Asks: 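Have a look at the structure that comes next, please.
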Amino acid sequence: MNLRIQTRLTLWYAGSLTLLILVFGLLIDGLMQRRLIARTDFEIDEELQELELEVRVARDRTDLMKQLELRFGNHESFEFVVQSPAGEPLFVSRRISDRAQAQPLTLAGKVTPYQSVRLVNLGECRIGSQIAESPVGPLSIAVVLPLGRSLAELKDLRLLLAIVSPIVVVIAIGGGYWMSARALRPIDRMIATVSDISAHQTDRRLEVIHDDELGRLAMTLNAMLDRLRNALKEMRQFTEDAAHELRTPLAVIRSTAEVALRHSRPAMYYEESLQAIVEEANRLTDLSNQLLILTREEGGLHVVDTNENVDLGEIVQNVVLDFEALAESRHVRLNSQVVPPLQVAGNADRLRRVFLNLVDNAVKYTPARGSIQLDVECWLHTLEVVIRDTGIGIAPEHIPHLFDRFYRVDTSHNRETGGAGLGLAICRAIVTSHGGQLTLRSEVGVGTEVRVCLPRPARAANSNDSASMRIYKLEEAEARSL
Ligand code: ATP
Ligand code: MG
C-alpha cells in the first residue's frame with residue numbers, strides 16, 4: 001500500500017496507543033478485581049473468626065442458638081450460616097432465611113475456604129467457610145458477603161474506561177497527524193528547494209535550522225550539491241578546453257584548404273597544403289587519443305591487475321632508446337641508470353605511456369647542452385624512478401596546476417614544443433590507478449625532477465632482482481648513517 005509517511009505515522013501512533021490503552025485497561029480491571037477479592041476475603045476471615053469463637057465458647061445448644069441469633073441474626077453487611085456436618089441447617093441469618101429459603105446452602109464438606117457463588121436473592125456473593133468445634137460436636141460455619149456494591153464500583157470504572165479510551169484515541173490521532181505534519185514540514189521544504197536546483201542554478205543550498213537528523217541530512221545534501229557543482233564546473237571547463245584545442249587545428253585545416261582552392265595553383269603548392277593538412281589532422285588524432293586515454297583512466301575503466309608483473313627496467317630502457325635520436329639532434333644528453341630486471345605490479349602499455357610522456361617533456365623543455373638523467377631508487381615495498389633534467393624549470397605558482405587537464409605554463413601555444421597540456425594529467429591518472437604516486441619538483445633555470453613511485457609486487461620484495469639487491473645496499477647505508 002502506498003500511503004504517505006504522515007498517514008503511516010499517524011496510523012502507527014493510533015494503533016500502538018489503542019493497544020496500550022487496551023492492555024492498560026485490562027491490567028487495571030484485573031488488578032481491581034484481585035484487590036476486591038483480597039479485601040472481601042480478609043473481611044470474611046475476620047467475621048469467620050468471630051463466628052468460630054462464638055460457636056466454640058457456647059455452653060450448650062440453647063446457649064449457642066441464643067448467642068448466634070443475638071450477634072449474627074441481623075448483621076448489616078454479612079450473612080451467616082451454621083450447619084451440621086451432614087448439611088442440616090442449625091442457624092441461618094435473616095436475609096438468607098427470609099429470601100433464600102428455597103435455596104439450601106450446602107456448605108458442608110467444602111474444601112476451598114473461599115469461593116464466589118451466585119445466590120438467587122443476594123446476587124454475586126463471596127463465601128468463606130470452615131469447620132468449628134462446638135459443645136454439640138463439629139459444625140460447618142460460613143460467612144457470606146454480597147458483592148453488589150463493590151461490583152457496582154468496578155462496573156463504574158469499566159464504564160469510565162470504555163468512554164474515555166475512544167476519546168483519548170481520537171485526540172491522539174488528531175495530535176499525531178498534526179505532529180507528524182509539523183515534523184515532516186522541513187522535508188517538504190527540502191524537496192521544494194532541491195527540485196528548484198537545476199543545472200543552471202547550482203548555487204542554492206538547503207537551510208540548516210537545527211543540528212538534528214534533518215539538519216544533518218540537509219548538510220549531507222549540501223555537501224553533495226557542492227561536489228556536483230564542482231563536477232559540473234570541471235566538466236564545462238573540460239568541454240570548453242577540448243573545444244578550444246580542437247578549434248585551432250580545424251581552423252588551420254579549413255583555411256589551408258580554402259586558400260588552396262581559391263585559385264588554381266602549381267602542383268607543388270597543393271602538395272605543401274596537403275602536407276600541412278595531414279600534420280594538423282595528426283595533431284587532432286593525437287589529441288582525441290589523449291582525451292580518450294584520459295577519460296578512460298580517470299573514469300576508472302582500466303583495472304590494474306596487481307598479479308601481472310612487468311619489468312619496469314625494460315620499459316624505461318625502451319623509452320630511452322626511442323628518444324635517444326631526438327635528444328641527440330637537440331644536443332641534449334640522455335642518460336639512464338634504470339636497468340632490468342625491476343619488477344612492478346601493473347600494465348606494461350600504460351606504464352610505457354607514463355615514461356614516454358615524462359621523457360618527452362624533459363626533452364622538449366631542456367635546451368641544447370642540457371642533460372636528462374634517469375635513476376631508480378628501491379625501497380622495500382616501492383620503486384621510485386626519478387627523471388631529472390637541467391631544463392628551463394617551472395615557476396612555483398604553476399606547479400600546483402601542472403596535473404590539471406590542458407594546463408600549460410606557456411599559454412602562447414608554441415606549435416613547436418607545445419602539446420595540449422594533457423600529458424601530466426594522463427601520467428598522474430595512470431600512476432594513481434597503479435596505486436602509486438607522481439610528484440614533481442622544479443626550479444626556474446635549474447631544472448625539473450619528476451618522481452614516479454610504484455608499488456613492488458609482494459613476491460619481488462624477497463626475490464633476487466636488481467631492485468632487491470639495491471634496496472639491501474640502501475638499507476645498509478641508511479642503517480650506517482643512523
Ligand atoms: P602534452 O603532454 O599533452 O603533449 P604538454 O607537454 O604541454 O602537452 P604536460 O606534459 O601536461 O603538457 O605538461 C604541462 C606543462 O608543464 C607543460 O606545458 C610545460 O610547460 C610544463 N612542463 C612539464 N614538464 C616539464 C619539464 N620537464 N620542464 C619544464 N617544464 C615542464
Ligand atoms: Mg607533455
Side-chain angles (χ1 to χ4, degrees), residues 234 237-238 240-249 252 279-298 316 319-320 322-323 326-327 330-336 338 350-375 384-432 437-452:
E234 244 177 64
Q237 185 66 45
F238 181 68
E240 223 174 273
D241 292 341
H244 185 77
E245 288 301 321
L246 292 170
R247 214 166 47 183
T248 321
V252 174
E279 218 172 274
E280 291 305 323
N282 283 342
R283 215 181 265 268
L284 276 177
T285 314
D286 285 350
L287 183 64
S288 60
N289 282 341
Q290 272 187 312
L291 281 177
L292 208 65
I293 293 164
L294 188 63
T295 317
R296 284 189 182 155
E297 291 295 342
E298 290 193 339
V316 176
V319 170
V320 170
D322 286 351
F323 278 95
L326 182 69
R330 294 188 174 206
H331 307 287
V332 172
R333 242 180 326 117
L334 180 57
N335 210 337
S336 170
V338 188
R350 291 159 67 205
L351 289 175
R352 183 177 147 76
R353 186 163 291 132
V354 172
F355 292 99
L356 276 175
N357 272 318
L358 296 177
V359 178
D360 176 53
N361 280 353
V363 174
K364 264 196 303 195
Y365 302 108
T366 304
R369 283 186 294 281
S371 70
I372 301 163
Q373 175 73 32
L374 279 91
D375 282 309
E384 277 186 40
V385 177
V386 192
I387 303 156
R388 294 187 186 91
D389 65 55
T390 56
I392 56 172
I394 307 160
E397 66 270 21
H398 295 294
I399 292 180
H401 307 290
L402 287 180
F403 298 99
D404 293 352
R405 291 170 288 197
F406 296 110
Y407 191 85
R408 280 180 308 236
V409 173
D410 178 13
T411 46
S412 63
H413 204 85
N414 180 345
R415 297 184 77 74
E416 267 289 294
T417 53
L422 288 173
L424 286 178
I426 292 175
C427 290
R428 175 167 273 186
I430 295 177
V431 173
T432 308
Q437 265 184 323
L438 183 68
T439 48
L440 185 145
R441 283 194 310 164
S442 189
E443 207 175 316
V444 178
V446 176
T448 303
E449 178 189 290
V450 185
R451 275 174 182 268
V452 184

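Note: hydrogens, waters and symmetry copies are ignored here, and every other heavy atom, side chains too, is used. As the structure lists them, so they are numbered: ligands from 1, and atoms in each ligand from 1. Predicted, not measured: the structure shown is a model, and the values here were computed from it.
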Asks: L402 heavy atoms, cut-off 4.0 Å: which ligand 1 atoms fall inside?
Replies: 15 (C), 16 (O)
Asks: In the shown structure, where waters are left out, how many protein N, O or S atoms lie under 2.8 Å from the Mg ion (ligand 2)?
Replies: 1
Asks: Of the choices D286, I394, L294, which has the non-hydrogen atom that lies closest to atom 22 (N) of ligand 1?
Replies: I394
Asks: Record the part of L424 in heavy-atom contact with ligand 1 below 4.0 Å; permitted values are side chain, backbone, both and neither.
Replies: both
Asks: To which of G423, G421, G393 does the heavy atom nearest atom 8 (O) of ligand 1 belong?
Replies: G421
Asks: If a pair satisfies side-chain hydrogen bond (donor to acceptor under 3.5 Å, both in side chains) and one of its residues is in residues 392-403, list it, with sequence neighbours excluded.
Replies: H398-Y407
Asks: Evaluating non-hydrogen atoms only, which member of F406, Y407, Y365 is closest to atom 17 (C) of ligand 1?
Replies: Y365
Asks: Any N or O of K364 that comes nearer than 3.5 Å to an N or O of ligand 1?
Replies: yes
Asks: For ligand 1, which is the ligand I care about here, please tell me if N361 has any N or O atom under 3.5 Å from one of the ligand's N or O atoms.
Replies: yes
Asks: Does the D389 side chain pair with the main chain of T448, one donor and one acceptor, at a distance under 3.5 Å?
Replies: yes
Asks: Check whether any heavy atom of A420 sits under 4.0 Å from an atom of ligand 1.
Replies: yes
Asks: Considering only heavy atoms, does Q290 approach ligand 1 within less than 4.0 Å through its side chain, its backbone, both, or neither?
Replies: side chain
Asks: Does any N or O of ligand 1 fall below 3.5 Å from an N or O anywhere on D360, backbone included?
Replies: no
Asks: Could you check F238 against L291 for side-chain contact (heavy atoms from CB on, under 4.5 Å), going step by step and ending with a plain yes or no?
Replies: CA-CA 10 Å; F238 181 68; L291 281 177; 3.4 Å; yes
Asks: For ligand 1, which part of L440 has a heavy atom less than 4.0 Å away: the side chain, the backbone, both, or neither?
Replies: neither
Asks: One residue to check: V409. Relative to ligand 1, which of side chain, backbone, both or neither has a non-hydrogen atom less than 4.0 Å away?
Replies: both
Asks: Would you kindly say whether D286 and Q290 are connected by a side-chain donor-acceptor distance under 3.5 Å?
Replies: no
Asks: Any N/O of L422 closer than 3.5 Å to an N/O of ligand 1?
Replies: yes
Asks: Measuring only between side-chain heavy atoms, which start at C-beta, is E279 closer than 4.5 Å to N282?
Replies: no
